[in-house]
Amino acid sequence: MTATIVENTLGIFSLCLTISFAKKNIVVNRQKNSIYLCAAVTTICLLLLETATVYLENNRSAGYVMLYRMINSLGFSLSPLVPFLLLFFNRTGRNTTRKTLLLWAPLLINAGVCVLSSRTAWIFDVDAAGHYTRGDLFLLPAIVSMYYIVGLIAALLRSNAEYEWENNRILLLILLAPVLCMVIQIIYAGIIIIWASVSISLLMYYIYLRELQFTYDAPTLIKNRSAFEKDMEHDGNAGEQVVVVVIDLNHLKTINDCYGHTAGDEAILDCANVIKQSFKGIGRPFRIGGDEFCVLCKDKPVEAVDKALDELDHAAQEISRNRIFPLVLAYGYSVFYPKGQDNIHTVFTYADQAMYEHKAKLKDYVQWK
């Protein structure tokens, strides 16, 4: 009993600490911050309920029977709520009647069965002496939780598709850890570790979101300047050819002045999307400034880069057909050779100069609608 209470207390403390951090420092965006806060508060409630059940189990008394039953009913009813909340906030696509039913029905059915279990003993039974036993439908809350966890993993992989597999793999490990602990607790009833493991996973989830904030540019979901400097340095020491491509969005100030900063943000996002689309499988895109991007094409032939830039021009022209202002991109590149005289930082400077030469040629290209 003492070990479980200590574990739960540490879990509550860690969650309270990270909640205070999350309220001060919004991670990635406000929506993901809200997801974390809701899940963390719910987990604290469940840790408190679990601690109460452990205490009552070890201090059996007929006078506590009704309280024991109520706490178990509430705990089992709320147990799928954490993955439900995470899935609710991360769901994608249009909300249809069928999707809404599939989302809410398992949670409500589980809650109804758990509440009735204080009389029917479907999920659990607490006899007149205060002795707890599992019911025939004991696995229902775990099955419903697993249902939401599977949906959550699918939703996160869809919404995080722009992130590299390394980041998504870490996220999967964070989500699967409580599942493993759930299985262990089901097999070994005396081991109570589910909600302590959930609290640790939520702490790791917060750290994961902070790491994304330091690595990715939130508006465009491509890597930022800091990640670019790190990756460029790594590529320069890897002993392989790297084509460094610098891309600039022309006339961003004019777009902001004439149509507002919302239009400017839209142009930046469109620019990032056409770069990702054109260089998919060719290189890694980065946003290195307000209107400036870079792509590192490691161990790729120059011909492949030229083809990607042709696709970039075509994609920019296509997206400009339905816009008030055109999307005009200036670009240039230079090649880093591992046994060459120039280091990769010098090669980046050459690529930047090539971009400005292209930019000068495009100076009078734009005709505003």
Side-chain angles (χ1 to χ4, degrees), residues 26 28-32 92-94 158-163 212-213 215-229 243-297 304-334 348-369:
I26 293 175
V28 181
N29 58 46
R30 292 184 182 276
Q31 184 188 28
K32 289 186 182 293
T92 56
R94 290 191 311 111
R158 282 195 300 270
S159 62
N160 290 5
E162 303 297 340
Y163 298 146
L212 288 184
Q213 185 181 44
T215 305
Y216 285 85
D217 176 58
T220 60
L221 294 183
I222 63 176
K223 286 189 172 184
N224 58 23
R225 179 72 187 230
S226 176
F228 167 71
E229 296 285 354
V243 181
V244 181
V245 186
V246 177
I247 303 169
D248 184 86
L249 171 61
N250 279 7
H251 311 290
L252 179 61
K253 184 178 185 304
T254 305
I255 294 171
N256 285 330
D257 292 344
C258 295
Y259 301 101
H261 286 276
T262 300
D265 292 341
E266 180 186 333
I268 290 170
L269 180 58
D270 286 341
C271 179
N273 287 336
V274 297
I275 292 172
K276 285 186 286 187
Q277 173 189 329
S278 303
F279 281 89
K280 187 175 183 180
I282 304 295
R284 289 157 290 147
F286 303 82
R287 184 184 179 192
I288 60 175
D291 56 1
E292 194 168 8
F293 298 80
C294 187
V295 185
L296 295 177
C297 306
V305 175
D306 286 329
K307 184 178 178 181
L309 289 172
D310 287 340
E311 292 181 7
L312 181 72
D313 283 333
H314 178 73
Q317 289 170 11
E318 285 297 314
I319 205 171
S320 297
R321 292 180 186 276
N322 300 316
R323 303 176 67 102
I324 298 175
F325 52 87
L327 194 70
V328 181
L329 304 177
Y331 50 77
Y333 68 81
S334 186
F348 169 75
T349 302
Y350 295 156
D352 199 42
Q353 290 172 353
M355 182 274 294
Y356 275 107
E357 290 173 6
H358 186 217
K359 190 181 184 75
K361 295 177 182 178
L362 295 172
K363 184 176 180 181
D364 299 321
Y365 172 79
V366 179
Q367 294 182 354
W368 299 89
K369 296 180 182 179

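Residue numbers run from 1 in the order of the sequence given. Since the structure is predicted, the reported quantities are computational estimates derived from the model, not experimental observations.
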Exercise. Can you check side-chain contact (heavy atoms from CB on, under 4.5 Å) on Val246 and Tyr333, steps first, answer last?
Worked result: CA-CA 6 Å; Val246 177; Tyr333 68 81; over 6 Å; no
When you look at Ile324 and Tyr259, which way does the side-chain contact (heavy atoms from CB on, under 4.5 Å) test go after all the steps? CA-CA 9 Å; Ile324 298 175; Tyr259 301 101; 3.2 Å; yes
When rounded to the nearest 0.5 Å, the distance separating CG of Leu312 from NZ of Lys307 is 14.5 Å
Between Phe348 and Phe228, is the gap from one ring center to the other below 6.0 Å? yes
Taking NZ, NE, NH1 and NH2 as the nitrogens, is one of them in Arg225 or Glu229 under 4.0 Å from a carboxylate oxygen of the other? yes
Rounding to 0.5 Å, atoms CD (Glu292) and CZ (Arg287) come to a distance of 11.0 Å
| task | Tell me whether the centres of the aromatic rings in Phe286 and Phe293 are closer together than 6.0 Å. | result | no
CD1 (Ile319) and NE2 (His314) are apart, to the nearest 0.5 Å, by 11.5 Å
- Message: Donor-acceptor check, side chain of Lys276 to backbone of Thr220, threshold 3.5 angstrom: yes or no?
- Response: yes
Checklist entry - Within a strict 4.5 Å, meaning less than it, do heavy atoms of the Phe279 and Ile247 side chains meet? => result yes
- Quick check: does any side chain N or O of Ser320 sit under 3.5 Å from a backbone N or O of Leu327, one acting as donor and the other as acceptor? yes
- Note: Asp248-Lys359 ion pair, threshold 4.0 Å (strictly below): yes
Quiz item: Are the side chain of His358 and the backbone of Ala330 linked by a donor-acceptor contact shorter than 3.5 Å?
Solution: no
Test side-chain contact (heavy atoms from CB on, under 4.5 Å), reference Val245, set Ser334, Cys294, Cys297, output is Cys297
#### Entry: Contact check, side chains of Lys223 and Asp217, non-hydrogen atoms, under 4.5 Å
no
Query raised in the report: Regarding Asp352 and Thr349, is there a side-chain donor-to-acceptor distance under 3.5 Å anywhere?
Result: no
Of all heavy-atom pairs linking Cys271 and Leu329, the shortest is SG-CD2, 3.5 Å
Taking every heavy atom of Ile255 against every heavy atom of Ala267, the minimum-distance pair comes out as CD1-CB, 4.2 Å
When every non-hydrogen atom of Ala272 is compared with those of Ile222, the smallest separation belongs to CB-CD1, 4.3 Å
side-chain contact (heavy atoms from CB on, under 4.5 Å) with Leu249: of Asp270, Val328, Ile275, Asp291, only one passes, and it is Asp291
What one should report as the nearest heavy-atom pair of Asn256 and Gly264 is OD1-CA, 3.2 Å
